[in-house]
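Working notes, structure below.
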Amino acid sequence: MEKIGIEQISLAFGFIILMLGLWGILSRKNIIKIVLSFTLFDTGLNIIIVAIGYLKNKTAPILDSAELQTDTASKIVDPLPQALVLTSIVIGLGVTSLLLVYALKLYKEKKSLFINDYKDLKW
Amino acid sequence: MDPILVKILYALLTLFIVLNYGLLIQGIVPKIGARVGRRHGIPFYQAYLDIIKNYSKRTRVTHGIMFYIGPVFRLTGGIGLLMFMPVIFGSNMFQNFSFTGDLLLVLYFQFFGVLGMALGAAESGHPHSAIGVSRGLSQTTAFEFPLTLGVLSLAVQYQTLNISDIVAAQQGGFMHWSIMTNPLAAAAMLIAFLGAMGRAPFDVVLAPQEIPIGPPTEYQSGLLGVLQLNRAIFPIAKLILFMNLLFGGATSWPELFLKTFLIYMWSVFVGVVFPRFRVDHSVRWFLGVPLLIGILAIIVTKFF
Amino acid sequence: MVNPIYIVAVLLGVAFTSGFFSKKGKNIAGYLSMLALGFVSFVSLQWLHGFLSEQQAAAQIFTTAFKPPFSINLLMGKEEAVFTSLINIMGLIGGLYLFRKLKETGSNAFIALLLLIMGLNVIVMTRDLFNLFVFMEISSIAIAGLIILSQNVKSISSGFKYMLAGGLISGMLLLGTVFLYYFTGTLNIDGMLQQNLNLVKGSSVAVFLVITAIVLELKPFPANGWGVDVYEGADAGISALISSAYATASVYVFMKLIPVASEQFQFLIAAIGIITFVASNLMGLRQSNPNRLLGYSSISQIGLLMAIIGLSSVIGESTNFIVISILVSHYFAKAGLFWISGIIKTNSIRDWSVLRHSKILLVSFGIFIFALVGLPPFPSFFGKWELIMNLSGSHNFIWVTAILVGSFLEAAYMFRWLGYAIKLELPSEIKPVIKLNKIIPVILFAASVITAGYFTGMNHEYGKLINYIPLAFALAFVLIEFLPVFIKNTLAIAGLALYFYLNYQSYTDISRIFAAIFLLGGILTLLAGYAYKGKRLGFFPFALMMFAGLIGLIEAKSTLEFFYAWELMTIGSYFLIIRGKKSITHALSYMLFSIGGAYLIMAGLGIASIGKADLTLSILHQVTEYAPLVFILLAVGFMTKTASIGLHIWLPGAHAEAEADVSPMVSAILLKAGVFGLLILLMAMGEQFIGKVSIPYLLSWVGALTALMGNMMAAFQEDAKKLLAYSSIGALGYAVFGLSLMSHLGWLTAISFSITHFMLKALLFLAIGGVVWRLKTKDMYKMGGLIKRMPFSFFSVLIGIIVLAGVPPLTGFSGKWLFYQAVMEKQWFLQGAVLFFSGIIAFLYCFRLIHAIFLGQLKDEHRNVKEAPFWILVPQYILLAVLLGFSFLPGSMLKPIGNMLLPFLPDGAIHWNGQLATTVYGYWNGKTVMIIIVGIFSVVFGWLWFMNRKARKIKQFNIVYAAERPFRPETTHFAYNFFAPYKKAIGFLVAPGITNFWNRIDEGAHAVSDKFTKLYNGNGQTYLIHIVAFIVVIYLISFGGF
Amino acid sequence: MGKEELEKRIVLSPDGEPIEIDPINDYFCQDLPEVEKKSSIAILEKFQNWARSRSLWVLGFGTGCGAIEMRPLMTPKFDAYRYGIQWRPTPRQSDVFVISGYLSVKTLKRVIRSYEQMQGPKYVIALGSCTINGGMYWDSYNTINRLDHYIPVDVYIAGCMPRPEALLAGFEQLKKIIREGRGEGANLYAENFEWYKANQKKIIKDWDMPDYNW
């Protein structure tokens, strides 16, 4: 049996965090906690992305040392997921901040962070 | 002479005979009733006197144009009905104007007078007239249903709607009459006939004391006279229709008198035996057993 | 051509620049943004123009020096051009609409708008999956930013729900994207499509994640509570953006990505789409909040598109045409509707009658509703037609059924809403403030959707063939609405006359008869319109639209033309009907039955077209597969117009409430469209069988029972026009029966009966309309004795009822006579007897009509009423003259019709000898009958007149009243519940069973709708659970487990 | 007059215009009766009178206790039908009005109305002493004493009560009168209309009908 490598571990770890986040989103009633769960969810997602891009025995795709200048593709891990993660983190930041703004606004409206209190629109 | 003129003259002759026959029947039938009741009863010519008397009235009132021509419609309906039927089978003279239309024309033309009369009566503004019309029309719709089924059954049997042909097919002894060859249709039609004659038990239309004789309650003098003329002609025309359809028609006037008189007596007998139906009763009654008989008649003639 | 990259560049650039403007500079920021949006609209439209004129090839734009998959590339193809144009125009016009609101907030708001549009543009154009994700996120952040502009708890909480759901979905999309990358090694969509993903192990999960995320973006049922809430909670202008621009982009993304999925998965998605479509429309039924209702409608439309795209493998090459035409309709209509909702700001659709303060808004509202429901001449009409044709052409009957059911539900709530706006009382407290910047977008979009409809039609193979001239003529009257009735009426009559004169020779035999009924009848009834004063707004366009439809039926060569004309007629007549008093429910039920019927016709035509190369009407001659089904669908469809039993409940109210000259139009003329439809159906398809039962045989019973029910109901009406309306139902029963006989005599009966019925019903409705005009009541028992005030109307009605009753010597009898000959020949005696019975019942209501109105006691308040207006009498007396002419010479009508029928049904024709008609069974000479009766009548009349010439004319209370005198005319006139004994005897036969049946269906639908909507409890977290559950269920369905 | 329904009133037409209703004038024909001449041909008049006498239609209106005596005439025992006497339910179609016994003022009003609604020539048979001089009710506060002050009478039949045979005899007398051309009560009424009307109005305090009921 193949040894479990870092990529499997981080993949599994990512999934666990993602699921934790999801669980939090679905079960917490406090809006702030839900937003926090979202960041967990995002973090898990990001870990998964990086883990997918990892290839065994390869180095980071930072082409500063000379030896990496030749035959680059076989020596580095896939750079794309990492680039994606950067974008994803930025977006996550944006989303999280906007969610927090919303939370703030909601709190101003009803002085409550209990999500069940915001059921004005239904049916 | 112009053949059309001859036709018209013979038609007038038919009309004359039938009118007198009708007036006499109006006297004779009550007379028979009276004799049964151990009375003398009215003279057999009473109907003549009544008509003359009504025409002799010096004053008359009218409620308007429709009131005025209602009786005209009525009498035209009666005369027309007679004119559209062959009266004496095998006689060229007394075919009248039956060449212009078949049984359907006759069936539908019955309503010409009914409708006109109803309109005239309604213009009088008398509520009792309107009530009478309402009753009359309701009852008419009900008994027409079995009647139509019976007629259709005959039409299927003889494969024609031509009255003369239907009569022709019944010649050669009473076993050929429709009443023998198609008893179900005859039963349906004869029951409907009771309604058509308007005698008891179906005479609530003219209930004399409740809605003083219903539709014609406002008619008087000469207008009533016209209606009385029609009362002489119209029932006889109907009798002739039933005679033609069910009893083999007539080859001579005496035969016609005899047959129609007997058919008439059928409604008289029923009338003296049974009490009066209310309209809702009679409507239901006609749409019950008589209707079933009619349907049966159709089914039997169509499939057997 | 401007490089599409400038779309991104300019929007982004202006957005950044705007950030530098302070609060004072927000005006500049606003104008600059508008300018930018105008520019990008121009760019995309320029590309679109290029593609449409076919000079342009699709262009790839690369953002870096690398080729994909190593770089992000944008594609500008034909579809992209369409979609970006739509999005950019929406940005521009939507921005204009929101201008004041955005300005209040400041330049940030403009930035959000620009970013949204920019994001959507890239979403459409990009071919890179991750790029797609990024810009979807940007767009949704921008939307969330826009939503929060309205600082109230509803919009904030809905925005929050939207963010939550969006976060979850985008997380899923990202996960899927990354997995796809993992399996395919590329993020480029084209690259993925080149690989056969089904063969790559594990990739199906990735595809599942991506596609499901996109599907969730499209708000599938039931995981769409957040979407509905946003539509309701956000400002209407923003909802319009979401519904039109964002949804448009999402649909395109879905179109782009769906080929990645396997065929089964596509079907699954199509199923989800269809469920969404039906369920959302069902839930829309019970909505009273306009924005929420529009939300449900938006979701349902997108669901339909989802289904269509999912079924693209079945539908084939016309998918794009269908999607775009339906989407375009939705786009214009939904934006417009949200905008109108934003203008009038009410919480209940019942308050939409305030729209009547602004005619232009009301007209636009109507246009949007029709565009949404898919009626001609709007794009979705062609889209839906093509869709149904393709689906039924490929035997997908279940899909067809679901689509039609969903569409029907949508039509139900949409037309109810329209009815509210047109007819409900004006609420006094609400007065909308109408600002120019808000109203211009609405008008623009309303105009655009019509134009789009025309272009869609022109791009359709058969749509091109449609003769738009009559419709254009009708619509031209919108432009001259300011003119007085007299001029418009003259123009309308001249138009109809000219059209008939120019074209009547091109119609074949039987068509010519119906063309004459439709057009000459139209002219006759329009003559009555001279009686109206003022402008009579909104009458002429729709009346002429109805006639345009009717004549279109005659001229139709292809099934599409026929269906188009059918729908056009429905629209026109709907508006004519809704003009009446208290017509709101009747107009709605008329519309619903019409639409239901139209859908059946569409399905029938679709099934008929199976295996046919072309769509000419002649395909009905050669239906090989499912012929009985086609027959039944079409027949039932046509019978909604002939108001046969079970489908009749719309008619009495609709015809009774209509105006004096509209009633004859809809009753005497319009109903004949159904007869015409049945006639061409029977001509083309002949006798069909279910098992061994002949369908015409069933039809004959339908006809007989319709006649019985119609006439019996008529006898019990108190309302004069309702009485006539029920009588029309009965009369049409005769026509249906006549057609079902499938014999020469039967058809002769039906056609001649149609002509006679047209004349007498027009006569009666006009006469009664004239009476109602003067008396301002329709209740017969409130009238009476009017013969003295309205002798001319009386005479019309007198002749009318004699004809109607079929009493010789008038022409009504010819119908009865023929009918019997036909029954004898066909041997359908029982039906015949039922019909005869109903004919006798006609006496009941005929008498009642004339008695209660014209005879009996004149009421005090009617003592000074005048005769009906001259112009209402004119057509009556023309009709009377014709009726009497036909009565005298019945052969002049029957002989030509008989000759026309000879080629189809040569057996059993009438033998004519002068005016003597002879068949195997009987004979009849109308002329001599007339002469004899007139002769006897004159003699008797002369005799009576001579005897009674001195009769004294007396007054109304000079009656024998049991030695008393009458109290009041009201208590002396016997008219109310006239046939009480009859009702007592057999009234149970007319218990409102059928009406109750339809009412129960209606209630049931509302109850189910109520249950469904309870899913959306308003809790954002519950919505998230719905989403997760949705994902799990879809996963289980597609990967086994279920 | 005092009858609410006969007072003038204003109603609104459908267009909202007021209309004044004057019930007596508007609902009833205001013409007065005229003398209807006999036929100028003597033999025709004779023939007509013969027919009139053989066809007497009696109005089925029992005005007082004597009405009980009319019923037996229809039974087999008396069988009035054989004399051409028949009963009609409506004054329009009747020729003979049998005032059967005492006549209260209340009934008189109805009698006048019915009499006037009959078509001429028309005949009145007054049955019983009460119609001649009031009989046993001669000093009653609400019966009339002498019928021919109010309507013309052709035949009086005295007695209290006269038997059906007397009634039959009265009919025979009437027939004789008619045949002799003396049955001109309708013309008498028209000629002396003002006198009759004055008498009627004197005794009927709540006169609530037009002067002549057509």
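Each chain gets a letter, A, B and so on, in the order its sequence line appears, and its residues count up from 1.
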Problem - Max heavy-atom pair count under 4.5 Å with chain C, selected residue of A:R28, A:K110, A:E109, A:K29 - result: A:E109
Practice task
Given side chain to side chain contact (heavy atoms under 4.5 Å, CB included), test C:L1024 with A:L22 step by step and report yes or no.
Solution key: CA-CA 10 Å; C:L1024 295 180; A:L22 192 59; over 6 Å; no
Exercise for the section: Output the option from A:T96, A:I31, A:V35 having the highest count of non-hydrogen pairs under 4.5 Å with chain C. Expected result: A:I31
Exercise for the section: Hey, could you give me the CG/CG distance between A:D117 and C:N1019, rounded to the nearest 0.5 Å? Expected result: 9.5 Å
Handout entry: Enclosure of C:K1014 NZ (heavy-atom neighbours >12, cutoff 6.0 Å)
Key = yes
Exercise for the section: State the CG-CZ distance between C:L168 and A:F41, to the nearest 0.5 angstrom. Expected result: 5.0 Å
Problem - Interface moiety of C:V1028 toward chain A, non-hydrogen atoms closer than 4.5 Å - result: side chain
Handout entry: Rounded distance [0.5 Å steps], CG in A:L18 versus CE in C:M172
Key = 11.5 Å
Problem - A:K33 NZ: over 12 foreign heavy atoms closer than 6.0 Å - result: no
Problem - Under 4.5 Å from any heavy atom of chain A - which part of C:I138 - result: neither
Practice task
Fit a plane to each ring of A:Y102 and C:F160, take the angle between them on a 0 to 90° scale, and name the class: parallel (under 30°), tilted (30 to 60°) or perpendicular (over 60°).
Solution key: tilted
Problem - Donor-acceptor contact below 3.5 Å, side chain C:Y181 vs main chain A:I52 - result: no
Fill in the blank from the handout: When rounded to the nearest 0.5 Å, the distance separating CG of C:N1017 from CG of A:L121 is 12.0 Å
Exercise for the section: Against chain C, work out which of A:I91, A:I34, A:D42 has the most heavy-atom pairs shorter than 4.5 Å and name it. Expected result: A:I91
Practice task
Go through the atoms of A:F38 and report whether side chain, backbone, both or neither lie under 4.5 Å from a heavy atom of chain C.
Solution key: side chain
Practice task
Under 4.5 Å heavy-atom distance to chain A, tell me which part of C:N152 shows up: side chain, backbone, both or neither.
Solution key: backbone
Fill in the blank from the handout: Ranking C:G1018, C:G166, C:G233 by heavy-atom pairs under 4.5 Å to chain A gives rank one to C:G1018
Practice task
For A:L98 and C:G145, work out which heavy atoms get closest and say how close.
Solution key: CD2-N, 4.3 Å
Fill in the blank from the handout: Most heavy-atom pairs under 4.5 Å with chain A, out of C:I141, C:I1025, C:L1015, C:I148, belong to C:I148
Completion exercise
When rounded to the nearest 0.5 Å, the distance separating CG of A:D120 from CD of C:E232 is 9.5 Å
Exercise for the section: Using non-hydrogen atoms and a 4.5 Å limit, figure out which bit of C:Y296 sits close to chain A: side chain, backbone, both or neither. Expected result: side chain
Problem - Contact class of A:S27 relative to chain C, heavy atoms under 4.5 angstrom - result: backbone
Problem - Working for side chain to side chain contact (heavy atoms under 4.5 Å, CB included), residues C:F130 and A:T87 - result: CA-CA 10 Å; C:F130 188 75; A:T87 320; 3.7 Å; yes
Practice task
Just give me the residue among A:I49, A:V95, A:L84, A:I25 that pairs up with chain C most often, heavy atom to heavy atom, under 4.5 Å.
Solution key: A:L84
Problem - Segment of A:F114 engaging chain C (4.5 angstrom heavy-atom cut-off) - result: neither
Problem - CA sep, side-chain torsions, deciding dist, call: A:I115, C:L164, side chain to side chain contact (heavy atoms under 4.5 Å, CB included) - result: CA-CA 12 Å; A:I115 192 157; C:L164 290 179; 4.1 Å; yes
Exercise for the section: Check each atom of C:Y162 against the heavy atoms of chain A and say whether the ones under 4.5 Å are side chain, backbone, both or neither. Expected result: neither
Problem - A:K108, part contacting chain C, at a heavy-atom distance under 4.5 Å - result: neither
